[in-house]
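Naming convention: chains lettered A, B, ... in sequence-line order (proteins, then strands); numbering from 1 in each chain.
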Number of protein chains: 2
Amino acid sequence: MAEPRSFAERKTHALAVLAEDGTDVWVATASTDGRAHLVPLSFGWSDGRVVLATEARSVTARNLAANGAARLGFGGTRDVLMGDAEVTASYPLAAAPPELMDVFARQSGWDPRGDSNAADYVALELRFVRLQAWREANEIAGRTLLRDGRWLDE
Amino acid sequence: MAEPRSFAERKTHALAVLAEDGTDVWVATASTDGRAHLVPLSFGWSDGRVVLATEARSVTARNLAANGAARLGFGGTRDVLMGDAEVTASYPLAAAPPELMDVFARQSGWDPRGDSNAADYVALELRFVRLQAWREANEIAGRTLLRDGRWLDE
C-alpha cells in the first residue's frame, strides 16, 4: 500500500481529475420516494462548478429538479474522488450561458448544442457541498477536502 | 466509434466483468427520505448473486436494510455495466454461508472475516432485476441484457 497523500497532494489531484478531458462522472440521485438512480455522464468543470447536460425527461434531470442533490463519483474505485453536490442553476440548453457550454463541450468532447434533439436537453450547474478523496484504507483518515462548500485550506 | 456488440457479446462481457478479480462496484442507494448515497465497494459474484460486505452502520447497509434496492455500476463509464438489484439475503458476517464469503474473499482479495472489526459487518446478497451494458451511443439500442430477473436469452 502506498503512503497516504497529504491534503495538498489530494487537492491537486482532485482539481486535475475535475479538469480532465474526456472522462465521465458517476451521478447518483434519488427520487422523492427514495429510489436510487445512477448513471455515468459527461461533465465539465467551470469556475468551481460541475456542469452536466442531460435530457430534461431523464430520471437524473427529474430527480435533480425535485430535490437538487446529487452524489458524484469520479475516477477509479480505488482512486476515489467523491462529492456531495447541489444544483445551483438549471437551464434549457438554448438559455445556458455560452461560456459554460463552451467549457463543457471542450472538456467532454461533446457539444449537445449541435445535437438534433438539443431542445430536449437541460444544462445543470452543481457546486460541491463536500468532497472526499481516498485510494486505500490508509487514506480514509484525512479524506475530506471540502466541507460546507469550502476547501479545508481556505 | 466501434461497431455495436451483439447480445451474446455483451452477455459474455457482462459475466466476465462480474467474475473479474480485484475490481469494485459503484453502489447507489437511497434513504427512505430520498437522499442518494454512492460508494465503491468490493464485491463477489456467486451463483448469480452479487455479494457485498459492509459495516452494518454504514449508510449503504442502512439504506439497503430499509428498502432493499440498489443500482450497481461496473466497469468504466464508457464501457458500462449497470444493474438494478434487490437484496435477497442479509447476514451478520459470522452467520454468512462460508462458501459465499469464500467467493467474496477470493474475488475481492479481502476477507472481512479476518478483520478486527468483523463483528461490525454484514454480508449482503443481491440479485439483478435489470442489467444493461453499453459503450457508446450506438449501443444504447439493445442495451438491456436481463429484465425482471431473467437474461433475455433465457
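- Residues Asp21(B) and Arg106(B) are paired through a salt bridge, judged by an N-O separation under 4.0 Å between the basic side chain and the carboxylate.
- Of the atoms belonging to Leu72(B), it is backbone heavy atoms, and not side-chain ones, that fall under 4.5 Å from chain A.
- Heavy atoms closer than 4.5 Å to chain A are found nowhere in Trp110(B), neither backbone nor side chain.
- For Arg147(A), the CZ atom counts as loosely surrounded, since its 6.0 Å shell holds 12 or fewer non-hydrogen atoms of other residues, nucleotides or ligands.
- Crowding of Arg35(B) atom CZ: a count of heavy atoms from other residues, nucleotides or ligands under 6.0 Å not exceeding 12.
- Annotation for Leu81(A) and Ala14(A): closest pair CD1-CB, 3.6 Å, computed over non-hydrogen atoms.
- Contacts with chain B were tallied for Ala36(A), Ala66(A), Ser42(A); Ala36(A) has the most, counting heavy-atom pairs under 4.5 Å.
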